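Values below: every heavy atom of this structure, side chains too, minus hydrogens, waters and symmetry copies. Just so you know, ligand 1 is whichever comes first in the structure, and atom 1 is the first atom listed for that ligand. All of these numbers come straight from a predicted model, not from anything done at the bench.
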Amino acid sequence: MAEFKKTPLIGRLVVVGLGLIGGSFAKGIKESGLCREVIGVDRNPDTRRQAVELGVVDRCEEHLANACLGADVVQLAVPILAMEKVLEELSTLDLGQAVLTDVGSAKGNVARAAQRAFVGRPLRFVPGHPIAGSEKSGVTAANSKLFRRHKVILTPFDAIDEQALVLIDKLWRALDADVEYMSIEHHDEVLAATSHLPHLLAFTLVESLAKRSENLEIFRYAAGGFRDFTRIAGSDPVMWHDIFLANREAVLHTLDTFRDDLDALRQAVVTEDGHQLLGVFTRARAAREHFGKILARRAYVDPMQTKDLTYIASPGGSLSGRIRVPGDKSISHRSIMLGSLAEGTTEVEGFLEGEDALATLQAFRDMGVVIEGPNQGRVTIHGVGLNGLKPPPGPLYLGNSGTSMRLLSGLLAAQPFDTTLTGDASLSKRPMNRVAKPLREMGAVIETAEEGRPPLIIRGGQSLKGIHYDMPMASAQVKSCLLLAGLYAKGETSVTEPAPTRDHTERMLRGFGYPVSVEGSTAKVSSGHRLTATHIEVPADISSAAFFLVAGSIAENSELVLEHVGINPTRTGVIDILRLMGADITSENQREVGGEPVADLRVRSAPLTGIEIPEELVPLAIDEFPVLFVAATCAKGRTVLRGAEELRVKESDRIQVMADGLKILGVQAEPTPDGIVIEGGPMGGGEVESHGDHRIAMAFSVASLRASAPIRIHDCANVATSFPTFLSLAAQAGIRVKEEAIA
Ligand code: NAP
């Protein structure tokens, strides 16, 4: 607000209707100093008097004509059904260049009333709706901060002039509101669903129970659930009466859809269809949790800050103790996919509750699979069989997860229905032709955006045929995608990889009883078999453990045990590379769990030496390079990486971003087209950018153990996607990194 103070933008603001909303708007603008004079109009003389006494307005007028003379902006804040009358009266006045705007809770009827009233006359009207309220009402409840960090939706007509729009936008922003834009129709539909329908249900439920019970005693037995659900039935009945009449069409539409859903649920109770009930409840719960997170973010975190969650890593420290890092991401993804396509109920333990694996889980829920949890890493999947998926209600949103998008595209290519796969800004830049191209060879019909980027539109109803595919790049995602498509393709599908890649898909398919043959570097599946539900214990993720393997090696006087880590030979490149550099890593208590080898890894500090990283190890450690670059920095001599161009198309260009950050810390790090050359040496502190790449954020956190000054790491919010407990485990083990406190 301060930036606007004492620089008036307009001369006269008129606010018509000095209740909670009009009073709050008037008071806020008056305090902002954006406007020379704020005049209130209200039909009630007491309200007019109080408005002046309370400092809500500079003065009041009884009649619109007097107030609007020479006005720059007229804000209509009367009850929604009174808008029409006020607009008619305004249309008879000479408004000059005044811009009209309003705060009505429904927009269609106000917009139509304005057009009717001003037919044949110029109309400078910007409809608006602040999503803010209070239990209190009337001018005495006016609060200049009511709209702070609340959304205000403006629904401008196409023909509105830019200046008018900018002016209204600025006024709301001066009150610290978050201004958004929508079409009138969309606004009314969204509000009908998210605000009007819930009020209707709350009012009906309370009334329905109250009128059927002999007296109101029944409510003595009502617990917190009833109280929470019906809180909004305490809202102003007159205002809600107005809103339902004003937004009649959109309310009826959303009510009809809801009635259909309620009928379906009733039918499930009648037929004792527990599967259907559980499906609705688990999906609803997941949606509610998602919504809860959005609310929490909105309430506690300044939206300006969410983009730049900054870590501060203090120099020094040594590691000790035993920790268990979260479950393997690759295996978590696959457990949901295969569990969903299996026959029977699959129980998963140790599931990684990060956003990526949750995106896969949500995608299968959207395709009708009932999935319970996750609850402390436990997930129960009620498999639907290979042909049991249902068309999702809309596009499948896969967040930041490339694994979800690439693997899903394989199995969706063979479904009888169309699907659209979308993701966040970062995923939307990642190459998908590497899967689209071979899938098309199998007969899939896939459309992509420019240069093969998401969204992917996958046309259903195609019959796929098995192919042999020689992968041009070593990619477990491409291999897995084709093998999953192969479960549906006529004949045999085989994939040959140029270098070994993760084989979790092959192992897990076998775990679900599906035959897979692997000969040398070629994996093969044929259609015509079934997946049978099983129990999966997800090992701890070696990619997450890698940060601590490097940390324990480079920090002085350290000895740390990482428990139950998956040591699938296609993933242990990081251990091999670190050992070649001289790291002291031993594996204890080796065992096999669900087809995947696991062990406890003990790491002790050791002097590291720079090496030429053997190219055959590169695909086996592809995700671990950011932190391996930190190991290289702490090693004596030069480390050279080649054959890793893949790193340039990960969540960020990991070679460039790491080189930039290391240089800031005073390290000699020279990127090459397919790798990097790093000279070991001392590290200072400084400010580095992670570019939203979780692994880079964590790698620089580890670097602080050997830095001589603090490292500030920007843009770390995505760490939650792969390693939600990173900061707490880091603190437990001895790395001094934490989120920078928001001022
Ligand atoms: P409110 O507290 O009832 O205030 C409305 C004020 O307008 C009252 O002082 C009323 O006077 C006065 N008024 C009524 N007809 C008038 C007329 N023809 N000319 C001049 N003044 C007149 O209502 P509110 O909660 O502020 O709501 C106002 C508008 O904001 C509504 O359109 C509503 O849809 C919208 N809105 C409300 C909320 C909310 O949560 N409250 C949120 C967003 C948007 P009397 O007291 O004499 O009737």
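Distance check for atom 21 (N) of ligand 1: a protein heavy atom is found below 4.0 Å. By the definition of a contact as any protein heavy atom under 4.0 Å away, atom 11 (O) of ligand 1 is in contact.
If you number the atoms of ligand 1 from 1 as listed, the ones under 4.0 Å from a heavy atom of Leu20 come out as 2 (O), 26 (O), 41 (N). Of all the atoms in ligand 1, the ones that sit under 4.0 Å from a non-hydrogen atom of Gly133 are 40 (O).
Residues forming a ring-ring contact (aromatic ring centres under 6.0 Å, His included) with His150 (at least two apart in sequence, or on another chain): none.
Using a 3.5 Å distance cut-off with no hydrogens or angles, the side chains of Thr282 and Glu372 do not pair a donor with an acceptor. Between the side chains of Gln267 and Asp263, not a single donor N or O lies within less than 3.5 Å of an accepting N or O. Defined by atom type and a distance below 3.5 Å, a donor-acceptor pair is present between the side-chain atoms of Ser426 and Asn400.
Residues Tyr311 and Glu739 form a side-chain contact, since some pair of their non-hydrogen atoms from C-beta on lies under 4.5 Å apart.
Protein heavy atom nearest atom 18 (N) of ligand 1, with residue, atom name and distance: Val86 CG2, 3.8 Å. When hydrogens are left out, the protein atom nearest atom 8 (C) of ligand 1 is Asp42 OD2, 3.7 Å; that is the closest non-hydrogen contact. Scanning the protein for heavy atoms near atom 47 (O) of ligand 1, the closest one is Arg43 NE, 3.2 Å. Protein heavy atom nearest atom 41 (N) of ligand 1, with residue, atom name and distance: Met239 SD, 3.6 Å. Considering only non-hydrogen protein atoms, atom 7 (O) of ligand 1 sits nearest to Gly17 CA, 3.4 Å. Counting only heavy atoms of the protein, atom 43 (C) of ligand 1 lies nearest to Pro130 O, 3.2 Å. Nearest non-hydrogen protein atom to atom 42 (C) of ligand 1 is Ala132 O, 3.1 Å. With respect to atom 33 (C) of ligand 1, the closest heavy atom belonging to the protein is Ser105 OG, 3.6 Å.
Contacts classified as ring pair (Phe, Tyr, Trp, His ring centres under 6.0 Å) and involving residues 116-135 (residues at least two apart or in different chains) are given here: His129-His187.
Considering backbone and side-chain N/O atoms, Gly22 never comes within less than 3.5 Å of an N/O atom of ligand 1.
Using a 4.0 Å cut-off between a side-chain N of Lys or Arg and a carboxylate O of Asp or Glu, Arg36 and Asp58 do not qualify as a salt bridge. Salt-bridge annotation for Lys85 and Glu89: absent, with no side-chain N of the basic residue lying under 4.0 Å from a carboxylate O of the acidic one. Using a cutoff of 4.0 Å between basic side-chain nitrogens and carboxylate oxygens, Arg124 and Asp161 are scored as salt-bridged.
Counting heavy atoms closer than 4.0 Å to ligand 1, residue Met83 contributes side-chain atoms (C-beta onward) but none from N, CA, C or O. Of the heavy atoms in Ala77, only backbone atoms (N, CA, C, O) come closer than 4.0 Å to ligand 1.
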| said: The test is side chain to side chain donor-acceptor pair (under 3.5 Å); show your working for Gln362 and Asp366 and say whether it passes. | reply: CA-CA 6 Å; Gln362 187 58 37; Asp366 287 347; 3.0 Å; yes

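With atom 13 (N) of ligand 1 as the reference point, the heavy atom nearest to it among Ser235, Ala82, Ala246, Pro79 is part of Pro79. In this structure, of Ile21, Val103, Val78, the residue bringing a heavy atom nearest to atom 31 (C) of ligand 1 is Val78.
The environment of Arg453 atom CZ is dense: over 12 non-hydrogen atoms of other residues, nucleotides or ligands sit within 6.0 angstrom.
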